[in-house]
Amino acid sequence: MTELELYKFHEETFKPIYADLIAILGSKPEQIAFELEAALSHIAVAKTNDELYEKNIEKAYGHLQRASLDAVKIMWLEYRQRAEKIILDPDMRAFASKASESELVIKYQKAELTAINARKKELNNTGNDPSASISEYYEAAQLFSEIITLIDPEKVAKLTRFKSKYKTKEVAISFLVGVISSGFAALMLA
């Protein structure tokens, strides 16, 4: 591992993933900051101690790989949770989507399978290559993201209003039926 390769990994792999993650979450996850701090410390040691240069560049690269993997997994989980809310809500799938229900389910299943394969690849490369599964996790995140983009926010707002009105009417009718039933029962017992 050379210093140039470390910087190239930062620019081409870590930075785009981290930028996407911050845009999605609206914040910077703490565990990524810890990994970046560790990487920077190793770079500082490498630059100030020639005898430890190579070893510390390798360690910095390891921390940057871990930061990248953590970032992409956080992104994948965030998108997965958002997509799962859509998939598990039959009304959302049926009435607020720009796609058919079957298309949404197929996309969800493909994203899940991609994530499973990423996890297997990560486990098979534990201790060897932490970044081996980054692209698969990123692909899974993007597939879950596609599901989210198929939901029309305007339709969601209309559906939410409709459900709220329906629930209010349901509660009011239940209350009236209860009052009438109680009144009728009181008359019968009197």
Side-chain angles (χ1 to χ4, degrees), residues 12-36 66-123 131-187:
E12 294 177 2
T13 302
F14 172 75
K15 205 169 165 182
I17 291 169
Y18 193 51
D20 286 352
L21 178 64
I22 293 169
I24 294 160
L25 297 179
S27 64
K28 296 179 178 183
E30 207 172 283
Q31 68 248 46
I32 308 298
F34 289 136
E35 293 294 340
L36 291 176
R66 186 73 237 172
S68 300
L69 184 59
D70 288 349
V72 79
K73 286 170 70 175
I74 292 168
M75 182 184 347
W76 155 67
L77 287 171
E78 180 65 27
Y79 275 138
R80 184 183 184 279
Q81 289 171 349
R82 293 179 187 186
E84 189 175 51
K85 287 179 184 174
I86 294 163
I87 293 299
L88 294 178
D89 186 337
D91 293 333
M92 187 81 73
R93 287 191 324 258
F95 302 116
S97 174
K98 300 173 198 171
S100 69
E101 287 184 76
S102 62
E103 185 180 342
L104 286 174
V105 171
I106 288 168
K107 284 184 176 290
Y108 186 82
Q109 290 170 339
K110 182 179 179 186
E112 281 285 282
L113 184 60
T114 303
I116 288 167
N117 290 334
R119 182 69 179 145
K120 286 178 184 175
K121 194 169 193 177
E122 178 186 5
L123 291 173
S131 61
S133 59
I134 289 173
S135 61
E136 284 83 359
Y137 275 118
Y138 192 76
E139 182 183 349
Q142 295 308 308
L143 290 169
F144 283 121
S145 172
E146 286 176 21
I147 294 167
I148 297 162
T149 62
L150 291 174
I151 298 301
D152 185 337
E154 207 171 291
K155 288 180 180 178
V156 171
K158 288 178 184 177
L159 179 61
T160 302
R161 282 193 304 273
F162 174 78
K163 281 179 153 182
S164 178
K165 286 179 186 177
Y166 182 80
K167 190 68 174 169
T168 302
K169 287 179 185 178
E170 188 178 54
V171 168
I173 290 171
S174 295
F175 177 75
L176 286 174
V177 167
V179 168
I180 292 169
S181 297
S182 296
F184 184 69
L187 284 175

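None of the values given here were measured: they were computed from a predicted structure.
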S97 and L104: which non-hydrogen atoms are nearest, and at how many Å? OG-CD1, 3.4 Å
Looking only at heavy atoms, the pair that brings A141 and Y79 closest together is O-CD1, 3.3 Å
With rounding to the nearest 0.5 Å, note down the distance linking CD in Q109 to OG in S102. 10.0 Å
For Y138, run the side chain to side chain donor-acceptor pair (under 3.5 Å) check against T13, T114, D20 and tell me which one passes. D20
Rounded to the nearest 0.5 Å, the CD atom of E12 sits from the OG atom of S68 at a distance of 12.0 Å
Look up atom NZ in K73 and atom CD1 in I17, then write down how far apart they are to the nearest 0.5 Å. 12.5 Å
Considering non-hydrogen atoms only, spot the tightest contact between A94 and E101 and give its length. CB-OE2, 3.6 Å
Listed by chain and number, what are the side-chain contact (heavy atoms from CB on, under 4.5 Å) partners of Q81, not counting sequence neighbours? E78
So, taking the atom named CD1 in I74 and the one named CD in Q31, what distance separates them when rounded to the nearest 0.5 Å? 3.5 Å
Given I32, L69, I134, V72, the one that forms side chain to side chain contact (heavy atoms under 4.5 Å, CB included) with F14: I32
Flag the pair K85 / I151 as yes when at least one side-chain heavy-atom distance between them is below 4.5 Å, and no otherwise. no
Intermediate values then yes/no, salt bridge (charged side-chain N to carboxylate O under 4.0 Å, His left out), R66 and D70: CA-CA 6 Å; R66 186 73 237 172; D70 288 349; 2.6 Å; yes
Are any non-hydrogen side-chain atoms of R82 and I86 less than 4.5 angstrom apart? no
Check against side-chain contact (heavy atoms from CB on, under 4.5 Å), I147 and L143: CA-CA 7 Å; I147 294 167; L143 290 169; over 6 Å; no
Can you tell me if K155 has over 12 outside heavy atoms packed within less than 6.0 Å of its NZ? yes
Kindly indicate, with the supporting measurements, whether the criterion side-chain contact (heavy atoms from CB on, under 4.5 Å) is fulfilled by R119 and E122. CA-CA 5 Å; R119 182 69 179 145; E122 178 186 5; 3.0 Å; yes
Does S133 use its side chain to pair, donor to acceptor, with the backbone of E136 at less than 3.5 Å? no
Can you find a heavy atom in the side chain of Y108 that is under 4.5 Å from one in the side chain of E84? yes
Nearest 0.5 Å, what's the CG-CZ distance between L77 and F144? 9.0 Å
Looking at S164, is its backbone amide N or carbonyl O close enough to the side chain of T168 to form a donor-acceptor pair, meaning the two atoms are under 3.5 Å apart? yes
Rounded to the nearest 0.5 Å, how far apart are CZ of R93 and CG of L150? 13.5 Å
Taking atom CD of E30 as the centre, does the number of heavy atoms from other residues, nucleotides or ligands within less than 6.0 Å exceed 12? no
Side chains of K120 and I116, heavy atoms from C-beta outward: is any pair under 4.5 Å? yes
Working for side-chain contact (heavy atoms from CB on, under 4.5 Å), residues Y137 and M75: CA-CA 9 Å; Y137 275 118; M75 182 184 347; over 6 Å; no
